[in-house]
Protein chains: 2
Amino acid sequence: MPAVPGPRRRPTLDTVARAVGVSRATVSNAYNRPDQLSAPLRARILAVADQLGYPGPDPVARSLATRRSAAVAFVLATPLSTAFSDPALTTALDGLASTVDEHGHGLLLVPGTADAGPRPEAVARAQADVIVLHSLADDVPALRAAGHRRLPLLVIDQPVVPTAARVEIDDEGGAAAAAEHLLRLGHRRVGVLALPFAPDHTEGPAGEARRATARYRVSRDRLAGYLRTLGAVGADPDAPPVWEATSSDREAGRRGGRWLLGRRPRPTALLCMSDELALGAVRAAGDLGLSVPGDVSVVGFDDTRAAAASDPPLTTIHQPLAEKGRRAGEIALGLLAGDPPGPPVRLPTHLVVRSSTAPPR
Amino acid sequence: MPAVPGPRRRPTLDTVARAVGVSRATVSNAYNRPDQLSAPLRARILAVADQLGYPGPDPVARSLATRRSAAVAFVLATPLSTAFSDPALTTALDGLASTVDEHGHGLLLVPGTADAGPRPEAVARAQADVIVLHSLADDVPALRAAGHRRLPLLVIDQPVVPTAARVEIDDEGGAAAAAEHLLRLGHRRVGVLALPFAPDHTEGPAGEARRATARYRVSRDRLAGYLRTLGAVGADPDAPPVWEATSSDREAGRRGGRWLLGRRPRPTALLCMSDELALGAVRAAGDLGLSVPGDVSVVGFDDTRAAAASDPPLTTIHQPLAEKGRRAGEIALGLLAGDPPGPPVRLPTHLVVRSSTAPPR
DNA sequence: TTGTATGCGTTATCAT
DNA sequence: ATGATAACGCATACAA
């Protein structure tokens with residue numbers, strides 16, 4: 001049979017079925033349920049399909065029919081540039097991605113805009129079976145959009161959404177452990193280098209008012225952990241100075257570190273809400289001719305790979321980042337399979353003492 | 001009208017249309033073409049939809065009808081953990097993501113497996129309007145799968161696919177410039193720290209045979225640029241030692257650096273195919289008590305942010321990473337709009353001299 | 001401005 | 001083992 005080009009319409013299941021002389025159902029089975037038809041027939045179908053240039057079942061049509069997209073949407077607060085430079089995020093994201101990938105699911109990234117979080121329309125249009133929300137501010141529009149979809153939701157770290165599954169860590173406890181470590185060493189004048197309290201590009205000293213309106217739970221909880229612990233022993237009778245960074249990266253940390261270390265009396269130690277910020281603070285100390293931990297102690301948060309590899313190696317709060325991602329992936333797959341949300345999964349943190357902390361001089 | 005729960009079937013366009021007493025088309029227009037109906041009617045429709053808990057047009061059904069997914073698939077060679085730790089990749093990816101996001105398109109990540117590249121089925125199932133292939137080995141199965149889809153293809157860096165659009169840089173020229181810089185400084189014994197030649201976890205000295213079967217064009221071209229230039233002046237009469245790293249990260253670079261700097265006579269300079277490898281090599285020099293550039297010169301490739309920030313700041317080959325991503329994004333959007341592939345876009349590279357190179361002692 | 005008719009490409013159910 | 005038929009939920013000419 002010579003190839004009759006015809007109007008060159010793209011072939012579909014039906015095209016193949018006609019060519020072979022079977023029904024569409026049978027062709028469909030040839031692809032999806034090899035055991036439902038005889039091997040020779042299947043071979044013939046596949047051969048004809050190939051010769052016709054049939055690309056295989058259309059994913060979108062299949063999704064419509066099965067009500068499954070085989071993808072999980074990952075919604076994040078920031079543009080990808082910011083996100084990718086944050087090791088705490090990428091480590092968790094990788095855990096999530098490999099888990100869902102192993103089960104045949106793709107990962108649809110829905111990045112945030114620079115100042116308003118993810119676009120609600122992007123969330124509304126996401127072709128996915130589950131939506132994973134990562135560390136969004138409490139009241140971003142994307143949240144409503146996610147709720148409107150009738151999809152299972154999973155929240156990592158925050159915010160708290162009533163019907164959503166949750167994976168998080170003990171931020172307040174971790175922060176408290178960090179502060180406690182410094183108190184034990186004898187520090188009494190401590191500065192705080194904070195993650196953003198709101199997605200509004202603010203950077204600078206954060207007073208009571210600012211802190212009270214914080215829209216990131218993680219920042220709120222870590223700060224609470226710090227302050228509660230410092231306050232408990234009556235350390236730092238004046239409230240400790242708090243600098244709010246504009247994002248979790250070293251340059252932002254460096255700016256904050258310079259400001260904090262410029263206070264008088266100078267803090268003898270810095271509590272940093274992320275390792276990247278801490279690494280920036282270490283550099284700031286260098287800028288000012290101060291040695292770490294000789295003149296100033298620095299403690300980070302997250303225990304990323306960079307923390308262990310830095311000079312000096314960073315004392316920090318460990319959180320199981322990769323596991324957080326994997327657990328999130330497993331839960332997402334579970335939700336997708338119909339499991340109910342279940343109680344929040346709260347992963348443990350613990351203090352890792354390295355060489356960036358020492359007693360004050 | 002009291003809410004009659006009924007069988008609680010999820011509402012569709014049709015549900016809303018019936019409730020309002022209009023046709024589906026009108027409800028559809030209410031969402032997609034507000035100008036096609038009166039404002040009051042639209043308001044009424046939206047109100048009823050909201051009250052019914054209608055989540056808005058189903059993205060999959062919409063995709064089927066419009067033949068558009070509003071997403072671009074990004075297929076990469078490695079698992080995300082590897083990918084995210086590579087600044088050269090993430091920078092480009094961010095450029096791509098922001099470009100397509102601005103135009104309302106999502107980004108579907110299709111990660112590779114550890115040793116066989118991306119799973120072909122994952123590529124076959126990807127719900128996207130364009131497929132972007134990033135730096136895959138020449139003959140991975142995913143390539144066939146991508147070709148089978150009748151979607152526009154865009155290749156970043158490699159491999160060369162006949163019908164695909166292409167964005168790349170002048171790898172060989174850049175590498176040649178790096179080598180030339182060293183020759184000008186007077187170096188004659190030069191070692192090469194190479195990116196992987198194939199996705200098979202190999203690490204170690206790479207002889208002729210191995211190099212001849214290289215499946216990554218980028219590695220091949222950069223090596224060719226190095227060797228061609230070194231050979232031209234008859235430098236290094238014995239072929240320069242080449243170490244193949246297992247991935248582009250510092251630890252791998254460090255191992256390679258230690259081996260290269262352990263050769264006798266010791267190379268006075270190292271040509272590294274990425275900044276991350278170069279940074280590892282610098283550390284290796286430190287391990288051996290050698291100073292950079294005093295005892296050994298090191299030149300990188302990519303000009304990532306880390307290159308400028310390192311100690312010492314790295315001499316390297318600049319490539320416009322963010323622009324590469326943005327261009328790729330624009331081209332992807334163009335393909336998606338029906339533009340023909342067009343000729344390959346080849347971005348320029350240039351040498352950036354910083355402080356990691358100096359004349360040999 | 002609104003409605004009608006049709007197509008999008010597949011899977012699933014139930015016969016045969 | 002294979003086929004007929006009905007979903008799946010929406011968009012879009014075109015007609016009214």
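Within every chain, numbering begins at 1; the chains are lettered A, B, ... in the order of the sequence lines, protein sequences first and strands thereafter.
Dashed line: the shortest gap from a side-chain N or O of A:Thr26 to OP1 or OP2 of D:dT2 is not under 4.0 Å.
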Show which side-chain atoms of residues 322-333 of chain B pair as donor or acceptor with protein atoms under 3.5 Å away, not counting sequence neighbours.
unit_1: B:Lys324; atom_1: NZ; unit_2: B:Asp157; atom_2: OD1; d: 3.4
unit_1: B:Lys324; atom_1: NZ; unit_2: B:Asp157; atom_2: OD2; d: 2.9
unit_1: B:Lys324; atom_1: NZ; unit_2: B:Gln319; atom_2: OE1; d: 2.9

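A 6.0 Å sphere centred on CZ of A:Arg125 holds no more than 12 heavy atoms belonging to other residues, nucleotides or ligands.
B:Val22 comes within 4.0 angstrom of the backbone, heavy atoms only, and of no base.
Within the structure, the ring pair (Phe, Tyr, Trp, His ring centres under 6.0 Å) test picks out the following pairs touching residues 96-155 of chain B (sequence neighbours left out): B:Phe74-B:His134.
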Nucleotide-resolved protein contact map, nucleotides 8-16 of chain C, B/S/- at heavy-atom distance under 4.0 Å:
BBBBB----
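Here D:dG3 presents its P atom at 10 Å from CG of A:Leu37, a figure rounded to the nearest Å. For the pair B:Arg42 CZ and C:dT2 P, the interatomic distance rounds to 12 Å; values are reported in whole Å. Taking atom CG on A:Asp129 and atom P on D:dC8, their separation rounds to 17 Å, with Å as the unit. The interatomic distance linking A:Arg44 (CZ) with D:dA1 (P) rounds to 16 Å, in whole Å.
An angle of 30°, rounded to 10°, separates the two end axes of the helix from C:dT1-D:dA16 to C:dT16-D:dA1, each defined over five pairs.
With hydrogens and angles disregarded, a donor-acceptor distance shorter than 3.5 Å links the side chain of B:Arg42 to the backbone of B:Ala30. Side-chain N or O atoms of B:Glu168 include none that pairs as donor or acceptor with a backbone N or O of B:Ile156 at under 3.5 Å.
Between A:Asp101 and B:Arg119 there is a salt bridge, with a side-chain nitrogen of the basic residue lying less than 4.0 Å from a carboxylate oxygen of the acidic one.
Considering only residues two or more places apart in sequence or on other chains, B:Glu102 meets the salt bridge (charged side-chain N to carboxylate O under 4.0 Å, His left out) condition with none of them. Checked against side-chain hydrogen bond (donor to acceptor under 3.5 Å, both in side chains), B:Gln127 has the following partners two or more places apart in sequence or in another chain: A:Ser63.
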